[in-house]
Amino acid sequence: MKIAMIGTGYVGLVSGVCFSDFGHEVVCVDKDPAKLEKLNAGQVPIYEPGLDDLMARNVAAGRLSFSGDLAAAVEGAEAVFIAVGTPTRRGDGHADLTYVMSAAEEIARALTGYAVVVTKSTVPVGTNRKVAETIAAVNAEAEFDVASNPEFLREGAAIDDFMRPDRIVVGVESDRAAEIMQAIYQPLYLRDFPIMTTDLESAEMIKYAANAFLATKITFINEIAALCERTGADVKMVSKGIGMDGRIGAKFLHAGPGYGGSCFPKDTSALARIGQDHAVPMQLTETVIKVNEEVKRRMIEKVFDLCGGSVNGKKIAVLGVTFKPNTDDMRDAPSLVIVPALVGNGASVRVVDPQGFREGEALLPGVTWVEDVYEAAKGADAIVLLTEWNEFRALDLGRLVEEMASPMMADLRNIYSAQQARASGFQGYTSIGRRDEVA
Ligand SMILES: NC(=O)c1ccc[n+]([C@@H]2O[C@H](COP(=O)([O-])OP(=O)(O)OC[C@H]3O[C@@H](n4cnc5c(N)ncnc54)[C@H](O)[C@@H]3O)[C@@H](O)[C@H]2O)c1
């Protein structure tokens with residue numbers, strides 16, 4: 001099967017590489033010359049564990065290539081995937097469909113024979129029909145069907161998620177398109193991963209509903225965590241206790257500094273706008289968005305309290321700034337709210353993050369980047385653990401205490417405990433939703 005993948009970001013690149021690993025012939029297209037240069041030199045422009053090896057293997061096998069020439073990639077392809085960005089539109093919170101629609105126009109001009117145009121980008125309900133209208137308007141001769149195939153991979157575990165999905169959702173309207181989609185995913189189908197075929201609108205809605213639900217679950221436990229702090233309950237115990245209920249499930253119940261990333265913030269915002277447009281306000285989602293902002297603000301207060309009410313003149317070591325571990329993605333990371341608040345209030349901030357520098361350097365002005373945690377801790381008045389990279393899970397707390405000017409820790413991922421901190425000599429320790437007495 002010949003496939004063109006338009007957009008080689010976190011989703012397009014992983015999908016293109018994995019489809020080529022299924023045995024398909026894939027051309028990944030991007031507009032960004034810097035990205036293409038790297039890809040054609042065998043380098044992966046993003047950090048995603050395992051992607052470099054899989055990419056190299058499939059390039060070597062002659063099944064995978066990269067190009068800036070959309071028309072050449074589309075010619076002869078049986079399926080053309082749109083995997084371009086759908087960021088929040090400036091000003092109104094809607095999904096910005098500029099990239100999707102301009103890709104649709106370019107594809108329309110390039111279509112020479114029948115192809116399924118598959119939208120993998122996360123798009124509001126009704127977008128696939130707009131894509132179809134656009135293609136028909138630009139090229140009245142075009143022979144095509146559209147399909148909606150939302151993606152559920154998680155950055156940091158993207159290959160495994162793509163290769164072993166909980167489900168594949170395919171929205172189609174014709175048997176011909178359904179057969180092509182089935183053939184594309186045949187290797188997964190043969191291994192009994194469920195493929196759910198549905199209509200276009202339901203497929204589009206499934207993606208937004210899934211992300212809004214997960215954002216709600218995270219926000220729920222973050223709110224419970226705040227109440228735990230006031231009542232003496234331990235949110236880790238509460239998460240465990242409710243997560244063991246099969247109806248609830250243990251995932252996405254870890255209290256933290258608020259959700260961020262390339263999907264939840266923009267997708268909850270888009271869903272809220274879709275609801276408003278249809279006069280069906282998404283009240284739960286709107287509240288989740290609001291509470292999540294409060295959660296981030298609460299984190300800032302925690303650090304201030306830990307530092308005796310003010311961070312002015314304090315040296316603070318921040319551990320982790322990407323929105324989660326195992327990615328270099330900084331989009332809407334809680335660190336982008338928390339770190340500037342520290343810098344803006346007079347703290348001198350040193351940041352250590354295994355992959356955050358490339359994106360983070362421009363996004364976090366006024367901080368100093370260091371490579372080593374203990375180096376970051378030297379002379380520090382407080383450590384703020386923001387992203388739970390494996391590198392930060394087994395720190396030598398005693399050594400940190402020795403390095404620091406005043407040993408205080410805000411553990412915003414609940415990796416350690418007050419007992420551990422106390423035993424290692426920390427004079428102050430704060431975490432989320434737990435009793436934090438140290439003295
Ligand atoms: N990142 C995730 O974890 C994730 C997970 C599931 C779904 N999604 C969705 O997938 C979509 C893509 O997300 P992403 O994170 O991969 O985006 P991204 O910003 O990392 O990548 C988009 C790429 O598309 C390219 N592009 C834009 N217009 C183009 C055009 N006309 N022709 C060729 N290339 C073009 C850009 O240069 C960029 O490289 C979004 O709708 C997102 O919501 C993302």
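Both counts, for ligands and for their atoms, begin at 1 and track the order of listing.
Remark: minimum distance from atom 24 (O) of ligand 1 to any protein heavy atom is reached at G7 CA, 3.4 Å. In terms of protein heavy-atom proximity, atom 43 (O) of ligand 1 is closest to K266 NZ, 2.6 Å. Summary of contacts: the protein heavy atom closest to atom 30 (C) of ligand 1 is K31 CG, 3.7 Å. When hydrogens are left out, the protein atom nearest atom 35 (C) of ligand 1 is V84 CG1, 3.7 Å; that is the closest non-hydrogen contact. When only non-hydrogen protein atoms are considered, atom 9 (C) of ligand 1 lies nearest to T122 OG1, 3.5 Å.
By the ring pair (Phe, Tyr, Trp, His ring centres under 6.0 Å) test, F162 is found to be paired with F19, residues two or more places apart in sequence or in another chain being considered.
In S262, the part holding a heavy atom less than 4.0 Å from any atom of ligand 1 is the side chain. Using a 4.0 Å cut-off between heavy atoms, R331 contacts ligand 1 through its side chain alone, with no backbone atom that close. The side chain of C263, and not its backbone, has at least one atom closer than 4.0 Å to an atom of ligand 1 (non-hydrogen atoms only; side chain from C-beta on).
Between the choices V11, D329, T327, the shortest heavy-atom distance to atom 44 (C) of ligand 1 belongs to V11.
At under 3.5 Å, not a single nitrogen or oxygen of Y99, backbone or side chain, sits near a nitrogen or oxygen of ligand 1.
At a 4.0 Å cut-off, not a single heavy atom of R154 sits close enough to ligand 1 to count as contact.
Within a 6.0 Å sphere centred on CG of L284, heavy atoms belonging to other residues, nucleotides or ligands number 12 at most.
In this structure, CZ on R89 lies 5.5 Å from NE2 on H94, to the nearest 0.5 angstrom.
Listed by number with element, the atoms of ligand 1 under 4.0 Å from a non-hydrogen atom of T86 are 40 (C), 41 (O), 43 (O).
Annotation: ring-ring contact (aromatic ring centres under 6.0 Å, His included) contacts involving residues 353-375, sequence neighbours excluded, comprise F357-W369.
A donor atom on one side chain and an acceptor atom on the other are not found under 3.5 Å apart for D329 and Y47.
By the 6.0 Å and 45° rule, R331 does not stack over the aromatic ring of F323.
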